[in-house]
Each structure stands twice: as C-alpha cells, then as structure tokens.
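These notes are about the structure you will find just below.
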Amino acid sequence: MVLPNINEAKKRTKNKVKFIYDEYNITSDMKIGTGKTYYIKTYGCQMNEHDTELLSAILEDMNFTKANNMENADLILLNTCAIRENAHNKVFGMLGRIKHLKETKKDIIVGLCGCMAQEESVALNIKNKYKWVDLVFGTHNIHKLPDLLIESQNKKHQEIEVYSIEGDIIENLPYKRANKYKAWVNIMYGCDKFCTYCIVPYTRGKQRSRKKEDILKEINDLIKDGVQEITLLGQNVNAYGKDLYDDYKMENLLEDVAKINIPRIRFVTSHPWDFTDNMIEVIAKYKNVMPFIHLPVQSGSNKILKLMGRRYTKEEYITLFNKIKEKIPNASITTDIIVGFPGETEEDFNETIELVNTCKFDLAYTFIYSPREGTPASKMEDKVSIEEKSHRLETLNELINKYAKKSNDKLLNKIVPVLIEGISEKNDNILTGYTDTNKLVNVVGDKDNIGKIIDVKITDVKTWSLDGEEYIKNKCHN
Ligand code: 5AD
Ligand code: SF4
C-alpha cells in the first residue's frame, strides 16, 4: 500500500525526468478482461477526459469491452477531480450508489483514480471507510493499471497505490479517442505555478514537458488517422519547454505544429504570465492556429490577484488582452473567474465586474471559491458569507451571459467555418460542430459533411450556441 502525502506532493525535486519508451506492454496473461465489461465515470477537466481515453485503451488491451451503463459493468472506475468541494461531493454520492450495486452484484470491481486519489484525506477515507472499493491509484501511475488490477484480484484485498512524487514521462501509451475528428495531445504534465487556491500542483506534480519530437510524432500519426483538429493540452501550456529546453518554448512548439498539414490547432490552458508577444505572432501568422484563447483572469482586483499568487496585475492582463485583440481581431477570448476568494470585499468584486465590462469576454467559467486542504488560501481568513458569494456569482453570471450573447450576435448572417462532428443528440436532422472560435453550432446540412470543415451561414444566435445552415457558394440562398 502506498498512501499520498501532501508535504511530499508540495516538493519540487531537482531529479531529472526520464523519458521511457518501452514501459507499457500487455502480455497474454494480463488479458483478464475477456467476457467482461468496464464503465468509466469521468469528472473534471480535459486532462481527466484525456486520461480516461488512456484508461479505456488500457482496459481494452486487457480485453475488457465498454459497457453502455454503469449497472451492466463488471468493472467501474471513477476518474475524479479535486478542484472544488462539489466535485468531491459528487464522487462520494456516486460511491454510495455503487455500494448498493455491489450489494447485489458482489463480483463487480470498483476503482477510484484521478486527482481526488492524490489527496491524503481522501485516500485515508477510502482505506478506512470504503473497504469495499477494490482499487485506488493516482495520476502518476495510470499506466500501471493492469498490474494493480491483477494484484487486487489475485490477493482479494484493497489495493491502494498513490505516489506523491511524480514519476517519469511514459511514452507510447495507447489512447481510445472519444472523438474521431478531434484529439487531445498532452504536451506537458503538472504545474509549478502554485496559485494559492489551487490543488493541481499537488495532485499533478511538478511541471514536466514532453519532448518536442514525441509530440510531433503523435500529431503526425493522428493526421494519418483522419484527425482534423488537435488541442495541445497542459495545465499551463505557455510554460511548455521551460523545464526541458534552453531555447525551445511554447511559441516554437506551436509554430512547428502549425507547419504540419493539420487544419485546426488549439491549446489549453494558458496562464497570462507566460503568454509572450511571439506567441501572439504565431497565432496571428498561421491560419491553422485557431483564433481562440482561453485566458483565465480569476479576479479583477489587484489585491485579490496578489493573494491568489497570480503574478500579474489587472492592468497587465488588460494590456495582454488588448494586444491579442489588436493582432488577432477575430479572436475569441474566454476566461475563468473565482468569486468569494478570502478577503474579497464588495469593492474587489466590483473591480472584477469592471474588468468584465472592459474585456467583454466571449464566455467565462465562473466559480465560487472552494477551500482546498493543504493550499495556502485555505488558511486565509474568509469572512464573506456563502449567501453573499452566491449573490456575487449570480450578478457576475448575468453579465457574462450578456456579453456571451453579444459576441454571438456579431456572427448573425455571417459565414463561418465549422468542423462538423456528428448528429445532434436532440434532433436527427441536425448536425453539430464548432466554429474556428470554438462556438457550438447546430447546422442544417448534409450528413456527408461529418468530419469535414464546411462553411455555415449563421441564422440564429443564442447565449450558448448558434444555429446555421450549410453554405454552398453560387447556390441560391433565399
Ligand atoms: N475554488 C474555486 N475555483 C477554483 N479553480 C481552481 N481552484 C479553485 C478553487 N479552489 C478554478 C479556476 C481555474 C479553474 C480550472 O477552476 O478558475 O482556472
Ligand atoms: Fe492551478 Fe494556477 Fe497551475 Fe492553473 S496555473 S493549474 S490555477 S496552480
């Protein structure tokens, strides 16, 4: 049994990261899934979604097949998120449901992984009060799933293996991509920014960049499989390379990726601190780098930004924002905002409102601050009542929605490129896809367009999505 420890997780060792190319190997005696099914419930961010693609591929390599619902599965994995309290509550609620299921189906195997598993208090809670959970593993040893699963089955005991110190970079891992036309590509793991509210540097470990040649190879292989859009993925992608190269940065990687013949490239998430002018130049220069930037601001108050350890001021953020808009006029810029951070006064909150009025974001993800055990902010004095925080969130959301609708309004009657991903879940006659600026569009058009980027004329505009019809040049459009 290996339990996590927050003091270890905080450490940033000088150990050189090793790149390992031949670690993953499923031998015939590891194929214990024949005739069995799996179900993975994923919580949280794109990094977790992508990890689920890895977990799925590993399980399928072990001969498990995907179950269409949890009730039918022989193996249930919860790939968890630790970023806010409500993510925690959802997982413990789900464990309650699974416990009932396990009472009627004794043989099902239950595992918990992802960021919550990295938290000492969660791992201990599972060890002491959820003894029926068969398997707990963290974010640093996902590729070890076959060994852990086999071990827990053979020994019929609870297997907990969560490392606090990150491991090496394991290459040549399999992924079962959820989308045929869009793919995530990890360019780095972990985060060294240690924003004072954030648990990620503890659950995902120190920043480790993948080698550029491994990233480029993965992308080239994806293109051969027909992928149209790739998203370069990391907690703080703009810091790419800092831990690995002297003179190769995110802007260089982005340019090298842009030179590959792939129609669409995106990247998430950017920290404003590392967003260089050269980055902006590269985005502006290459048509296949999408004019879409997710640039979390978190707060509009310099006092709060300082307490958050964000390393920029409101003025610096606005300068960067304006620079991007100037060089890439059609860029869609979205953000994340936290309300109710410890010490946030009405005045501080009003400064956030002011910033939103200045930037008029295309979209924003807004959250009430949630104290995370072990982070510096969780020890700060927090005098704001939950009612006040909820009220601030409501006020902010109203404003965010107003600007989201306004930014969509600008597209009415315009012709925009849309990557058609599939058929709408609500209506068989409607296709769905995303614009270059990452806006969801419901499209009336030919099903043959699935997997293609087509011109769409926007016919109606809502807050969260657009409606449109396939636009064919020289055809009579009434
Ligand atoms: N409480 C509330 N929101 C948080 N986020 C990160 N940590 C917390 C927390 N403790 C938000 C930030 C981040 C997004 C992914 O989640 O806005 O950008
Ligand atoms: Fe968390 Fe800050 Fe790192 Fe983002 S940059 S993952 S908010 S510590």
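Numbering starts at 1 and runs along the sequence shown. For ligands, and for the atoms within them, numbers begin at 1 and follow the listed sequence. Any value given below was found using the heavy atoms of this structure, including those in side chains, with hydrogens, waters and symmetry copies removed.
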* side chain to side chain contact (heavy atoms under 4.5 Å, CB included) between Tyr202 and Thr375: does it pass, once the steps are laid out? -> CA-CA 9 Å; Tyr202 309 85; Thr375 59; 3.9 Å; yes
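With hydrogens and angles ignored, the 3.5 Å screen pairs no side-chain donor or acceptor of Tyr317 with any backbone N or O of Pro296. When atom types are taken as modelled, the side chain of Gln207 and the backbone of Asp192 share no donor-acceptor pair closer than 3.5 angstrom.
Atom numbering of ligand 1 starts at 1 in the shown order; those under 4.0 Å from a heavy atom of Ile338 are 3 (N), 4 (C), 5 (N), 12 (C), 17 (O). Contact atoms of ligand 1 toward Ser370: 1 (N), 2 (C), 9 (C), 10 (N) (distance under 4.0 Å to a heavy atom of the residue).
Contacts of Ile368 with ligand 1, taken as heavy-atom pairs under 4.0 Å, involve the backbone alone. Of the heavy atoms in Tyr197, both backbone and side-chain atoms come closer than 4.0 Å to ligand 1.
By the 6.0 Å and 45° rule, Lys212 stacks over the aromatic ring of Tyr248. For the pair Lys41 and Tyr43, the cation-pi criterion (under 6.0 Å, within 45° of the ring axis) is fulfilled.
Gln298 OE1, 3.4 Å is the protein heavy atom nearest to atom 12 (C) of ligand 1. What sits closest to atom 7 (S) of ligand 2 on the protein, heavy atoms only, is Tyr197 OH, 3.4 Å. Shortest contact from atom 15 (C) of ligand 1 to any protein heavy atom: Asp336 OD2, 3.8 Å. Remark: minimum distance from atom 5 (N) of ligand 1 to any protein heavy atom is reached at Arg84 NH1, 3.4 Å.
Within the protein, the N, O or S atoms sitting under 2.8 Å from atom 2 (Fe) of ligand 2 are Cys195 SG.
In the displayed structure, Trp132 atom CH2 is contacted under 6.0 Å by more than 12 heavy atoms of other residues, nucleotides or ligands. Dense packing is recorded around CD of Glu8, with more than 12 heavy atoms of other residues, nucleotides or ligands lying under 6.0 Å away.
Backbone and side-chain nitrogen or oxygen atoms of Tyr369 are examined, and none is located within less than 3.5 angstrom of a nitrogen or oxygen of ligand 1. Checked by distance only, ligand 1 and Arg372 stay at 3.5 Å or farther apart across all their nitrogen or oxygen atoms.
Between Phe341 and Tyr369, the gap from one ring centroid to the other is short of 6.0 Å. Two rings, from Tyr189 and His140, have their centers 6.0 Å or more apart.
Under the side chain to side chain contact (heavy atoms under 4.5 Å, CB included) criterion, Glu394 pairs with no residue, sequence neighbours left out.
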